[in-house]
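Just follow the structure's listing: the first ligand is 1, and inside any ligand the first atom is 1. As the structure is a prediction and not an experimental result, all values here were calculated from the model.
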Amino acid sequence: MPDRAALVTGASSGIGYAIARMLGEEGYGLTLAARRPEKLEAAAAELRDAGYELEAVPGNMTDEADVQRVAAAHRERWGRLDVLVNNAGVGIGAAVPDIVTKRVDMQLDVNLRAVILLYRETAELLRAAGAEHRNALVVNMSSISGKAGQPWLSVYSATKAAVIGWTQAMNKELNGDGVKSVALCPGFVDTPMTEFVREHVPQDEMIRPEDISEAVRFLLRTSPYCVVPEIVFQRPGEAL
Ligand SMILES: NC(=O)c1ccc[n+]([C@@H]2O[C@H](COP(=O)([O-])OP(=O)(O)OC[C@H]3O[C@@H](n4cnc5c(N)ncnc54)[C@H](OP(=O)(O)O)[C@@H]3O)[C@@H](O)[C@H]2O)c1
């Protein structure tokens, strides 16, 4: 049984999968969560084949009961939580006159509400890990568009800016308990989410999912009293 455990949402592809793989390499017991069960199971099978111990829990992060179920399944399997990765996210572009309420709600629910709810559901476990080693870590996936709002991606940008504000608040609220939070703010990363932009930005000129997972590996190694509240990943010339 691993002596540390991590829960990663949106772990079935892209950035979440890369972070989960890195955490497996680092010896963490893993709970992988994502929406579509078949895709999640395929990702889980690859990581099991690599020798990592894990639980795969499908769940829709727009559904409060699913968020609670994912947290409960993690607790049941591992009984502790050292690293929480709030990575599940969705971006739906629209010019302002074309904004559809249902899509606003979906982006708010997955990108922001689920993050808030998962903190609530796991705060006790995070605090217990913080009391043990003062290095419990929560990684919140924001975006460079959370630092500087983008046209057409306005709703997405607003949800990601809110994630930064939430992360700042959580550091003020939980650092004293040994729980550190970080907002990661990448530009275009080469994942299924950016397929729509490949015509304009070649895949090999995008940030790699492994660039993000290596940053998280670095965060695992920081000393207990070092808090890194935010990391921005830019592409060359992509100034804020
Ligand atoms: N790629 C970029 O350029 C970029 C840049 C900045 C920030 N980000 C952020 O990074 C995070 C990961 O994105 P990615 O690029 O790795 O995209 P991705 O490959 O499309 O992965 C998204 C993950 O989130 C899950 N997910 C989406 N909606 C969900 C829901 N309602 N309930 C549960 N899980 C859900 C997906 O599962 P299903 O496939 O089953 O839905 C998938 O596992 C997101 O928060 C995104 O906003 C991405």
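- Ligand 1 lies less than 4.0 angstrom from a heavy atom belonging to Pro186.
- Judged by distance alone, with hydrogens and angles left aside, the side-chain atoms of Asp63 form no donor-acceptor pair with the main-chain N or O of Val67 at under 3.5 Å.
- Residue contact annotation: Ser142 has a non-hydrogen atom under 4.0 Å from ligand 1.
- Ranked by closest heavy atom to atom 9 (C) of ligand 1, the top entry among Met141, Arg35, Arg235, Glu195 is Met141.
- Counting atoms of ligand 1 from 1 in the listed order, those under 4.0 Å from a heavy atom of Gly14 are 16 (O), 19 (O).
- Taking the six-membered ring where the residue is Trp, Trp166 and Tyr119 present perpendicular rings, their angle passing 60° and hence far from 30°.
- Using a 4.0 Å cut-off between charged nitrogen and carboxylate oxygen, Glu124 and Arg127 do not count as a salt-bridge pair.
- With a 4.0 Å cut-off on non-hydrogen atoms, Thr194 touches ligand 1 through its side chain and not its backbone.
- Atoms of ligand 1 lying under 4.0 Å from at least one heavy atom of Val110, given by number and element, are 31 (N).
- Every atom of ligand 1 with a heavy atom of Met61 under 4.0 Å away is listed here by number and element: 30 (C), 31 (N), 32 (N), 33 (C).
- Using a 4.0 Å cut-off between heavy atoms, Pro209 makes no contact with ligand 1 at all.
- His74 contributes a side-chain N or O that, together with a main-chain N or O of Arg80, makes up a donor-acceptor pair within less than 3.5 Å.
- A side-chain N or O of Thr222 and one of Lys180 form a donor-acceptor pair less than 3.5 Å apart.
- Checking Arg21 against Tyr17 by side-chain atom types alone, a donor-acceptor pair falls below 3.5 Å.
- For Phe196, the CZ atom sits in a packed shell: over 12 heavy atoms of surrounding residues, nucleotides or ligands are nearer than 6.0 Å.
- A salt bridge does not link Glu121 with Arg75: none of the charged nitrogens is closer than 4.0 Å to a carboxylate oxygen.
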Under 3.5 Å, side-chain donor or acceptor atoms of residues 3-12 against the rest of the protein: list the pairs with distances, not counting sequence neighbours.
from	atom 1	to	atom 2	distance (Å)
Thr9	OG1	Val85	O	3.4
Thr9	OG1	Asn87	N	2.9
Thr9	OG1	Ala88	N	2.9

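- Scanning all protein heavy atoms for the shortest distance to atom 27 (C) of ligand 1 gives Gly89 O, 3.7 Å.
- Salt bridge present: Arg120 and Glu64 bring a charged side-chain N and a carboxylate O closer than 4.0 Å.
- Here Lys160 has side-chain heavy atoms under 4.0 Å from ligand 1, and that is the only part of it that gets that close.
- In this structure, the side chain of Asp109 does not engage the main chain of Met61 through any donor-acceptor pair within 3.5 Å.
- Under 4.0 angstrom from ligand 1, the non-hydrogen atoms of Asn60 come from both its backbone and its side chain.
- The shortest contact between atom 40 (O) of ligand 1 and any protein heavy atom is with Arg36 N, 2.7 Å.
- Looking only at atom types and distance, the side chain of Glu53 has no donor-acceptor partner in the side chain of Tyr28 under 3.5 Å away.
- A donor-acceptor pair shorter than 3.5 Å can be found between the side chains of Asn86 and Asn140.
- Closest heavy-atom approach to atom 18 (P) of ligand 1 within the set Ser13, Gly146, Ala20: this belongs to Ser13.
- At the top of the distance list for atom 26 (N) of ligand 1, counting protein heavy atoms only, stands Ala88 CB, 4.1 Å.
- Remark: Asp105 does not engage Lys102 in a salt bridge, criterion side-chain N to carboxylate O under 4.0 Å.
- Thr191 meets the side chain to side chain donor-acceptor pair (under 3.5 Å) test with no other residue; sequence neighbours excluded.
- Contacts between Tyr156 and ligand 1 below 4.0 angstrom, taking non-hydrogen atoms only, involve the side chain exclusively.
- Taking a cut-off of under 4.0 Å to the non-hydrogen atoms of Phe188, the atoms of ligand 1 that pass are 3 (O).
- If you check which protein heavy atom lies closest to atom 17 (O) of ligand 1, you get Met193 CB, 3.5 Å.
- When heavy-atom distances to ligand 1 are checked against a 4.0 Å cut-off, Lys39 comes that close only through its side chain, counted from C-beta outward.
- Every atom of ligand 1 is numbered from 1 in the order shown, and the set under 4.0 Å from a heavy atom of Gly187 is 3 (O), 5 (C).
- Remark: ligand 1 and Thr62 share no N or O pair separated by less than 3.5 Å (distance only, no angle test).
- At least one heavy atom of Gly59 sits less than 4.0 Å from an atom of ligand 1.
- For ligand 1, the atoms closer than 4.0 angstrom to any heavy atom of Asn87 are 10 (O), 11 (C), 12 (C), 44 (C), 45 (O).
- For ligand 1 and Ser143, the ligand atoms under 4.0 Å from any heavy atom of the residue are 6 (C), 7 (C).
- Atom 2 (C) of ligand 1 has as its closest protein heavy atom Val189 N, 3.5 Å.
- Side chains of Lys160 and Asn111: no donor on one and acceptor on the other come within 3.5 Å.
- When each atom of ligand 1 is checked for a heavy atom of Ile15 under 4.0 Å away, the hits are 10 (O), 16 (O), 48 (C).
- Taking atom 37 (O) of ligand 1 as the reference point, the nearest protein heavy-atom neighbour is Ser12 OG, 3.5 Å.
- Contact annotation: for Thr191 versus ligand 1, heavy atoms closer than 4.0 Å belong to the side chain alone.
- Counting protein heavy atoms only, atom 25 (C) of ligand 1 is closest to Gly10 CA, 3.7 Å.
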